[in-house]
Amino acid sequence: MEAGRQRLRPIMMTSIAFIAGLLPLAIATGAGAVGNRTIGTAAVGGMTLGTICGLLLVPGLYVGFRLRRAAVAPPAEPEASPIEPERADA
């Protein structure tokens with residue numbers, strides 16, 4: 001959880017900067033603009049969709065799988081370590 005909090009801001013800043021950098025390509029005019037707009041629109045859309053999925057889908061799947069795992073197999077009781085034998089005087 002802590003790693004997620006620490007990494008969210010840099011990931012979002014990079015994604016938004018990349019999308020903002022592609023916007024002039026997506027709204028290009030002039031000679032060759034059709035090709036530029038096509039590539040720019042696809043890149044902006046893909047990056048936006050990827051960012052949204054990364055923010056919503058990945059954490060949602062993590063929580064869902066974690067809940068499913070807890071419901072299917074509750075944690076077992078810890079076993080004695082095979083390296084250290086149990087002592088009666090402890």
Distance, nearest 0.5 Å, that separates CG of Asn36 from OG1 of Thr29: 10.0 Å
Joint cluster assignment, Leu23 & Leu25, ILVMFWY side-chain distance < 4.5 Å: yes
Euclidean distance, Thr14 OG1 relative to Met12 CE, rounded to 0.5 Å: 10.0 Å
same_hphob_cluster(Leu67, Leu61) at 4.5 Å side-chain heavy-atom cutoff: no
List the atom pairs, with distances to 0.1 Å, where a side-chain N or O of residues 40-59 and a protein N or O form a donor-acceptor pair under 3.5 Å, not counting sequence neighbours.
| residue | atom | partner | partner atom | Å |
| --- | --- | --- | --- | --- |
| Thr41 | OG1 | Arg37 | O | 2.7 |
| Thr48 | OG1 | Val44 | O | 2.7 |
| Thr51 | OG1 | Met47 | O | 2.8 |

